[in-house]
Every structure is written in structure tokens, then in C-alpha cells.
Amino acid sequence: MSKPVPRDAKGAFVRAATSFRKFIQKGGEFPPEKGRYRIYVSYACPWAHRTLIIRKLKGLEDFIGVTVVSPRMGAEGWPFASVDAFPGADIDPHNGSKHVKDLYSRAEPDYGGRNSVPVLWDTKNKTIVNNESSEIIRTLNFEFNDLLPADKATLDFYPESLRKDIDEVNDWVYSTVNNGVYRCGFASTQEAYKDAVTILFASLDRVEKMLTGKDFIVGDTLTEADVRLFVTVIRFDLVYVGHFKCNLRTIRDGYPEIERWMRRLYWTNDAFSSTTNFEHIKTHYYWSHDSLNPTRVVPVGPNPHIRPV
């Protein structure tokens with residue numbers, strides 16, 4: 001979001017496509033190896049959050065390193081701690097980069113696209129493998145299984161028997177919920193905003209019905225569909241209700257089944273709670289989007305950030 005917000009002729013937000021789409025594969029250009037790869041992330045970014053959750057679920061902490069940027073994204077994009085020593089941010093241990101954009105320039109000197117996170121980085125060849133979160137989480141789910149102990153290798157968050165259902169849910173959740181909150185927040189006309197917010201809450205109503213009496217969004221097991229939905233829902237009351245004007249209802253007061261599902265994941269699974277940093281989330285949205293919040297005042301609430309089970 002350090003570049004001008006892309007919108008269509010009606011003022012609706014249009015998300016740009018990611019650019020680096022190679023893969024870690026056995027026998028390929030980027031083979032799975034312990035310690036070779038690193039993921040550059042922001043705790044604030046929901047797309048990066050997906051990769052942190054799957055990495056933790058699969059037990060890949062000793063196999064793939066993580067570097068966290070500061071949540072205060074400015075004119076130069078995402079900064080490392082060497083530029084902005086925000087609590088919880090890291091320096092770049094491999095390249096000495098000041099900003100995430102330096103990684104993109106190193107990988108492709110003439111690169112002119114978005115300097116987004118997550119970035120899956122090859123420390124051996126000093127280049128970006130992939131910056132599309134949906135593909136990175138599939139890589140983490142499958143490609144390191146031969147190196148993992150059996151209890152982690154057998155975990156599959158995209159099981160073949162549920163793939164059709166997962167793909168269908170992912171498709172509409174992405175367009176209307178994950179990206180839907182951004183379409184509300186970055187709409188520049190009343191018409192575009194109204195269209196986006198109406199679609200968003202219709203989809204949340206749909207999710208509420210799907211989760212009634214269930215612990216998971218697809219089938220009776222944890223899948224990537226839960227991960228992809230969680231990263232938006234956990235941010236909803238915190239930032240999207242106020243900052244992005246998604247205020248028809250809150251999760252905690254308007255969607256009891258979604259809240260029950262979210263709280264259960266957060267409080268009973270360390271992969272969800274340990275990768276969620278509420279201060280980074282709030283600071284990023286309210287500080288970085290100065291076109292929406294020129295004062296950069298960060299709200300204290302909601303209190304609590306998430307209610308106990």
C-alpha cells in the first residue's frame with residue numbers, strides 16, 4: 001500500500017496481482033532444504049499471517065526462518081528494525097536490507113511492482129521464490145514432508161477428499177471477505193463502498209450459518225480454509241470495523257458462531273495465538289494508511305482484543 005491505491009473507474013479498490021510465482025519442489029530449481037529459505041513477514045498483514053500459521057502447524061520453525069518488519073509502513077514501504085526499531089521487528093539477517101523493497105530490487109533490479117509481504121526468500125541464490133501467500137502455504141503444507149518427523153509430515157491442511165469444497169469456500173471468502181474489507185476501506189466513492197460493504201456482510205452472514213454447530217469451516221477437520229478466514233476475522237473488530245468502515249455489525253456482537261470459532265482457534269491452538277500480534281495489527285493500519293487516518297492516532301480498544309473462551 002506504499003504505492004497509490006489501485007481503483008477502477010467507479011472508485012472500487014482493485015488488488016494488484018503478485019509477481020514471483022516459482023516453487024520449492026524436490027528436484028527443481030528450489031529444492032526443499034533445511035535452513036535454506038526464509039519468509040519475510042509483517043505480523044500486521046493478513047496474507048503474511050497465513051504463512052506464519054501454516055509454518056507453525058507443520059513444525060517448520062527450524063527449517064524456515066522468519067524475519068518480521070516494522071508495522072509502520074511509510075513512503076519507502078515496509079521497514080526493517082534497522083530503520084524503525086518497533087518492538088517485535090527484526091533486522092534483515094541475510095541482506096542487510098533497510099526496506100522490503102530492497103529484497104525486490106536484489107531479486108529483480110528493474111522490478112516496478114508492489115513490494116508486498118510475505119516474501120519467500122532463497123538465501124542460497126539471494127532471490128525471491130514466491131510472494132503469493134496462497135501458494136506459499138501450499139508449499140509449506142506439502143514440500144518439506146520428507147524432512148519432517150512423521151507426526152508433522154502426515155498433517156495435511158489441503159486434503160484431497162476436501163479440495164473441491166476448500167477451493168469453493170476459498171474462492172468466495174477471498175473475493176468478498178479477505179479482500180472485501182479492503183474494497184470497503186479503500187473505496188473512493190459512496191457507490192463503490194456501499195456495494196462492497198453489502199457483499200461483505202452477506203458473506204459473513206453465510207459464514208455464520210456454515211459454522212453453526214461446527215468447529216471448522218469445511219468438513220470436520222482444520223484446513224487451510226480456516227486459516228485463510230481466521231486472519232481476516234481476528235482483525236475485524238480490531239481495525240476493519242472502524243478504520244475500513246465495516247461497521248454494520250461487529251464479530252463479537254453480531255456473529256456468535258464466527259466468534260466462537262475464532263476464539264476456539266486462538267485460545268486452543270498456539271499456531272493461531274502465537275502468530276497474532278494485536279499491537280502490530282493496530283499500529284500498521286491506523287499509522288500507515290494516512291489517507292484514511294491523517295492523525296495516525298492508534299485506538300486503545302477494543303477491550304479485550306479477543307474475549308476468552
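Within a 6.0 Å radius of CD in E61, other residues, nucleotides and ligands contribute more than 12 heavy atoms. Shown here is K214, whose NZ atom has more than 12 heavy atoms of other residues, nucleotides or ligands within 6.0 Å. Within a 6.0 Å sphere centred on CG of D151, heavy atoms belonging to other residues, nucleotides or ligands number more than 12. With a 6.0 Å radius and a threshold of 12 heavy atoms from other residues, nucleotides or ligands, I91 has its CD1 atom at or below the threshold.
In this structure, the side chains of I39 and V119 stay at 4.5 Å or more apart for every pair of heavy atoms. With a 4.5 Å cut-off on side-chain heavy atoms, F186 and L292 count as touching. Taking the side chain as every heavy atom from C-beta outward, R235 and P46 approach each other to under 4.5 Å. Residues F80 and K98 have side chains not in contact (no heavy-atom distance under 4.5 Å, counting atoms from C-beta outward). Within the 4.5 Å cutoff, the side chain of V239 has no heavy atoms near those of the F244 side chain. Residues Y255 and V207 form no side-chain contact, since every pair of their non-hydrogen atoms from C-beta on lies 4.5 Å or further apart. Taking the side chain as every heavy atom from C-beta outward, W261 and V233 approach each other to under 4.5 Å. In this structure, L238 and I234 have side chains that are not in contact, with every pair of non-hydrogen atoms separated by 4.5 Å or more.
With salt bridges taken as basic N to acidic carboxylate O contacts below 4.0 Å, one links R260 and D215. Classification of K22 and E29 as a salt-bridged pair holds, one side-chain N sitting under 4.0 Å from a carboxylate O. Taking a cutoff of 4.0 Å between a charged side-chain nitrogen and a carboxylate oxygen, K56 and D270 qualify as a salt bridge. Taking the charged nitrogens against the carboxylate oxygens, E143 and K26 have no contact shorter than 4.0 Å, which rules out a salt bridge. One finds no salt bridge joining R138 and E135 here, because no Lys/Arg side-chain nitrogen approaches an Asp/Glu carboxylate oxygen to under 4.0 Å.
In this structure, R72 is not positioned above the aromatic face of W78 in the sense of NZ or CZ being under 6.0 Å from the six-membered ring centre and within 45° of the axis.
A distance of 5.0 Å separates CD1 in I258 from CG in L204, rounded to the nearest 0.5 Å. Taking CG of N247 as the reference point, atom CZ of F236 lies at 9.0 Å (rounded to 0.5 Å). Put simply, CH2 on W47 and CG on N178 are 5.0 Å apart, with the number rounded to the nearest 0.5 Å. Rounding to the nearest 0.5 Å gives a distance of 9.0 Å between CD of E132 and CD1 of I137. Put simply, OG1 on T223 and CD1 on I217 are 8.5 Å apart, with the number rounded to the nearest 0.5 Å. Distance CD1/I54 to CG/L140: 7.5 Å, rounded to 0.5 Å.
Counting only distance, with no hydrogens or angles, the side chain of Y240 and the backbone of Y182 share no donor-acceptor pair below 3.5 Å. At distances below 3.5 Å, at least one donor-acceptor pair connects side-chain atoms of N131 with backbone N or O atoms of F20. Side chain of N179 to backbone of Y174: no donor-acceptor contact under 3.5 angstrom is found. The backbone N or O of P308 sits less than 3.5 Å from a side-chain atom of R263, completing a donor-acceptor pair. At least one donor-acceptor pair under 3.5 Å links the side chain of Y104 to the backbone N or O of S116. Side-chain N or O atoms of T189 include one that pairs as donor or acceptor with a backbone N or O of A192 at under 3.5 Å. Side-chain N or O atoms of D122 include one that pairs as donor or acceptor with a backbone N or O of K124 at under 3.5 Å. At distances below 3.5 Å, not a single donor-acceptor pair connects side-chain atoms of R296 with backbone N or O atoms of S288.
Side-chain contact annotation: T123 with R36, donor-acceptor N/O pair under 3.5 Å absent. Donor-acceptor pairing under 3.5 Å is lacking for the side chains of K282 and H243. Using modelled atom types, one finds a donor on one side chain and an acceptor on the other under 3.5 Å when comparing H49 with T275. Side chains of N293 and W287: a donor-acceptor N/O pair is absent below 3.5 angstrom, by distance only. Side chains of D92 and Y40: a donor on one and an acceptor on the other come within 3.5 Å. D102 and N95 are not linked by any side-chain donor-acceptor pair at a separation below 3.5 angstrom, with hydrogens and angles left out of the test. Donor-acceptor pairing under 3.5 Å is recorded for the side chains of N170 and E224. Counting only N and O atoms by type, the side chains of K58 and N145 include a donor and acceptor under 3.5 Å apart. For R38 and H94, the side-chain atoms include at least one donor-acceptor pair closer than 3.5 Å. Looking only at atom types and distance, the side chain of Y158 has a donor-acceptor partner in the side chain of D167 under 3.5 Å away.
At a threshold of 4.5 Å between side-chain heavy atoms, the hydrophobic network of Ile, Leu, Val, Met, Phe, Trp and Tyr places Y286 and V297 in two separate groups. A chain of hydrophobic side-chain contacts below 4.5 Å, direct or via other Ile, Leu, Val, Met, Phe, Trp or Tyr residues, connects V218 to M210.
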- Can N141 and D156 be said to form a side-chain contact (heavy atoms from CB on, under 4.5 Å), step by step? CA-CA 6 Å; N141 186 44; D156 185 0; 3.0 Å; yes
- Would you check, one step at a time, whether the test side-chain contact (heavy atoms from CB on, under 4.5 Å) holds for T221 with F157? CA-CA 9 Å; T221 188; F157 303 103; over 6 Å; no
- Message: Run R206 and W172 through side-chain contact (heavy atoms from CB on, under 4.5 Å) and show every step you take.
- Response: CA-CA 11 Å; R206 182 179 179 183; W172 62 263; 3.3 Å; yes
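Here the options are R252, R264, R307, R249, the test is salt bridge (Lys or Arg N to Asp or Glu O under 4.0 Å), and the partner is E259; only R307 passes.
Ring-plane geometry between F272 and F230 is classed as perpendicular, the angle between the planes exceeding 60 degrees on a 0 to 90 degree scale with a lower cut at 30.
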